[in-house]
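The structure appears below as structure tokens.
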Amino acid sequence: MKFFIDTANLAQIKEAQDLGVLDGVTTNPTLMAKEGIKGKENIINHYRAICDIVDGDVSAEVISTDFNGMVKEGEELAALHPQIVVKVPMIKEGVKAIRYFSGKGIRTNCTLVFSAGQALLAAKAGASYVSPFIGRLDDVSVDGMELISDIRLIYDNYGFETEILAASIRHPMHIIQSAKLGADVATCPLSAITALLNHPLTDKGLAQFLADAAK
Ligand code: G3P
């Protein structure tokens with residue numbers, strides 16, 4: 001399973017990269033705004049800075065909601081760096097844009113996916129990644145994990161190569177459950193990745209080893 005970090009915060013991206021387990025980064029307009037990154041030039045420079053820190057894929061989201069606008073923005077983003085994956089929303093114009101990008105060899109991440117039908121459309125259009133938002137489904141009392149399981153089954157039935165990128169992850173159990181169900185990638189806040197480290201028996205055992213070593 002690949003680990004992506006879901007942030008535009010450079011310090012957190014660097015911390016995850018230094019841990020040695022990072023495979024990529026996902027961003028969205030909300031995460032960029034959270035870091036105070038505004039204006040086209042600053043946003044472009046920020047994507048470049050992220051690509052300088054990590055070796056893997058970096059999702060950069062289009063803001064347009066019409067086909068022509070998405071194509072223009074996506075082509076500009078893809079030209080920035082070979083690591084850039086164009087993030088496109090799951091709307092009708094987005095599906096057309098994903099098909100266009102797929103034909104041009106530009107990789108895409110279909111975002112804001114909340115149903116198996118949407119995931120099927122994204123794969124048929126040739127998306128490189130599909131992003132089911134599991135935390136936001138849980139927020140409205142729908143089991144996000146069932147969606148991961150349904151998409152895995154459908155993609156395996158037909159051999160779709162679109163990678164399932166479990167998104168809107170809120171805690172370490174979302175990562176574990178996504179891994180058990182066969183999601184290809186989990187994109188997580190740094191806190192969820194580092195929480196995987198913790199176990200009280202590890203702390204207790206280490207304290208005992210160190211105490212015994214000092215004897
Ligand atoms: O990758 C999508 C993610 O950023 C959404 O997460 O926590 O805003 O639902 P959240």
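Throughout, residue positions are numbered sequentially from 1 according to the sequence presented. Ligands are counted one by one from 1 in listed order, and the atoms in each one are counted from 1 as well.
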Under 4.0 Å between a Lys/Arg side-chain N and an Asp/Glu carboxylate O for [X] and [Y]?
X	Y	value
D139	R170	yes
R48	D52	no
E75	K104	no
D212	K215	yes

So if I count the atoms of ligand 1 from 1 in the order they appear, which ones are less than 4.0 Å from some heavy atom of R170? 7 (O), 9 (O), 10 (P)

Show the atoms of ligand 1 that are less than 4.0 angstrom away from any heavy atom in A167. 1 (O), 2 (C)

What residue and atom, counting heavy atoms only, is the protein's closest point to [atom], and at what distance?
atom	answer
atom 8 (O) of ligand 1	R136 NH2, 2.8 Å
atom 3 (C) of ligand 1	D6 OD2, 3.0 Å
atom 2 (C) of ligand 1	F133 CZ, 3.3 Å
atom 6 (O) of ligand 1	S168 CA, 3.4 Å

So, Q83 side chain and G56 main chain: donor-acceptor pair closer than 3.5 Å or not? yes

Aromatic ring pairing Y158/F160, orientation class (parallel under 30°, perpendicular over 60°, tilted between): tilted

Does any N/O atom on T187 come nearer than 3.5 Å to any N/O atom on ligand 1? no

Does only the side chain of N28 get under 4.0 Å from ligand 1, or the backbone, or both, or neither? Count heavy atoms. side chain

